[in-house]
2 protein chains.
Amino acid sequence: MPSDAIRAALVKRLRISSGITDDDVKEIEALPIVVRQFPAETPVVRDGERATDCCLIADGFCVRSKTIASGKRQILSIHIPGEIPDLMSLFLHVMDHELSTLTPSTLGFISHETLQKLHRRSPGIAEMFWRDTLIDAAMFREWIVNVGQRPAPARLAHVMVELRERLKLIGRAEGNSFDMPLTQEQIGEALGITAVHANRVIRQLRQEGIVELQRGRVTVLDERKLLELADFDGRYLHQSPML
Amino acid sequence: MPSDAIRAALVKRLRISSGITDDDVKEIEALPIVVRQFPAETPVVRDGERATDCCLIADGFCVRSKTIASGKRQILSIHIPGEIPDLMSLFLHVMDHELSTLTPSTLGFISHETLQKLHRRSPGIAEMFWRDTLIDAAMFREWIVNVGQRPAPARLAHVMVELRERLKLIGRAEGNSFDMPLTQEQIGEALGITAVHANRVIRQLRQEGIVELQRGRVTVLDERKLLELADFDGRYLHQSPML
DNA sequence: GCCCGGTTCCAACAAAAGTTAAGGACGCCG
DNA sequence: CGGCGTCCTTAACTTTTGTTGGAACCGGGC
């Protein structure tokens, strides 16, 4: 994938979540980006590392996670093409969590230096990126609620609905199915439950005819039931720049 | 409390988490701030509301929370004097969660308009505030891990140690005790457990001689055991501006 | 085609957490 | 100073989730 396609994905994303002017687009199109391929299940930036670049997903699925002393891992967010999962490293230089790929991925890297200069030059773009990191934080808040207050089946439903919502925006959730390339182990890590329990919950949703989940792909069987179970209110995604 | 004292608290805080220049201090000291008193247990900004100001805690404890359809509430963060708990509203205009007081509080309000102008004028201050919102997000990430992966006693210990760490920075955690003005109900809401279970966990920590908790005040009985249980690594607080 | 490793799936049992219910402590207000 | 409400406390019981261990399935590499 040429770096032009990556820029296009970013612009598309920013167009949705923030207001973007033609001048901004030109600035972004002039950004030097280094493209690299990563295999599946590979760390991109490690916890404790000092990042010098921000990473833009051109293709593939990534997750952010933290591992505690006991060895347990918590997945904090799932990322899809067009997103910049480690924009925060721009001002929080040493990573407090890990970014890794789920599937084979194409990532674009933009140096912190370049971005910092860009911000000084165009405060509008800085604000757009700032807003992006704030939406990130809003998603963390909802993730806390999910893990803290909802029963396990609702947690899974919520993650599915959120992911589908975001995939729709980039045109990757047509019909009633979409990709969610996590193993049951990883689903457990995302929901704060064990893999065994994740399996139970998946089976339950299948038996109740709500969703089918196999080989990293979700098929929605009963839209109504899914939405009711997920208790989903997309306001926290802040998809309209005017709100 | 005069608004000068509030400004001083803010400057003190920014001095710790970011590099702040003398010019920045002057700018902040010139900021128009409206001071208001709030009783305990009172909403300051409600979920779904459109905020026009950012709120600075001069005195008192506040929390941010989200309530789901079933009526369950999740506390997302605890805030102490010197912090700006709703800085995010600057770019995420409609609130996706609630900010409310725990104790009677003195809050200072700065209008979004004022802040936006300030950012355009001094990008350095903008970056400082941006960094502040990023630390906020880092704390959410750790909160996810706490609620998702740690057993209940460790969750409580972790929240206590984090709060103490932050209180130390503003000189409000001398000796082996500090304020944590949450009811057991609220502790449950913070940890993602019920009030009854929160009580069990508190009793357990008391019986094991780790901490005593009464009337909103924590007394540490066994520092070693507490730290071990909490599994605390303060890196996520990003306290040094150089890191 | 067949083996191998990782997933998925499942059951039985153990532990953690939720629910319900009720008594006691404490502070506030009349 | 007494009553009332909130919070804390505890017990008994239920439900959810974790643990252990094992079998079936699947895909890729030899």
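These numbers come from a predicted model, not from an experiment. Just so we're on the same page: letters track the sequence lines, and every chain starts at 1.
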Grab the [atom1]-[atom2] distance between [X] and [N] for me, whole Å please.
{"X": "L213(A)", "N": "dT7(C)", "atom1": "CG", "atom2": "P", "value": "14 Å"}
{"X": "Q214(A)", "N": "dT8(C)", "atom1": "CD", "atom2": "P", "value": "11 Å"}
{"X": "L102(A)", "N": "dG6(C)", "atom1": "CG", "atom2": "C1'", "value": "15 Å"}
{"X": "N199(A)", "N": "dG6(C)", "atom1": "CG", "atom2": "P", "value": "18 Å"}
{"X": "L156(B)", "N": "dC8(D)", "atom1": "CG", "atom2": "P", "value": "13 Å"}
{"X": "L191(B)", "N": "dA17(C)", "atom1": "CG", "atom2": "C1'", "value": "13 Å"}
{"X": "E189(B)", "N": "dC7(D)", "atom1": "CD", "atom2": "P", "value": "11 Å"}
{"X": "E185(A)", "N": "dG6(C)", "atom1": "CD", "atom2": "P", "value": "12 Å"}

Does [X] pair with [Y] as a salt bridge, N-O distance under 4.0 Å?
{"X": "E83(A)", "Y": "R166(A)", "value": "yes"}
{"X": "R217(A)", "Y": "D179(A)", "value": "yes"}
{"X": "E189(A)", "Y": "R73(A)", "value": "yes"}
{"X": "D222(B)", "Y": "R224(B)", "value": "no"}
{"X": "K66(A)", "Y": "E98(A)", "value": "no"}
{"X": "R13(B)", "Y": "D132(B)", "value": "yes"}

Q: Would you indicate whether E228(A), at its atom CD, is surrounded by more than 12 heavy atoms from other residues, nucleotides or ligands within a distance under 6.0 Å?
A: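 Not buried by this count: 12 neighbours or fewer within 6.0 Å.
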(Q) Determine whether R64(B) and D136(B) satisfy the following criterion, salt bridge (charged side-chain N to carboxylate O under 4.0 Å, His left out), listing intermediate values before the conclusion. (A) CA-CA 12 Å; R64(B) 294 200 266 172; D136(B) 207 52; 2.3 Å; yes
Q: Heavy atoms under 4.0 Å is the rule here; annotate nucleotides 22-30 of chain D 5' to 3' with B where the base is hit, S where only the sugar-phosphate is, and - elsewhere.
A: -----S---
Q: Go along nucleotides 11-19 of chain D 5' to 3' and tag each nucleotide: B for a protein heavy atom under 4.0 Å from its base, S when only backbone or sugar atoms are that close, - otherwise.
A: BB----SBB
Q. Any idea how Y236(B) and H158(B) line up, ring-wise: parallel (<30°), tilted (30 to 60°), or perpendicular (>60°)?
A.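 Rings of Y236(B) and H158(B): parallel, under 30°.
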Q) Think Q184(B) has a side-chain N or O under 4.0 angstrom from the OP1 or OP2 of dT9(D)? A)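 Yes, Q184(B) has a side-chain N/O under 4.0 Å of OP1/OP2 on dT9(D).
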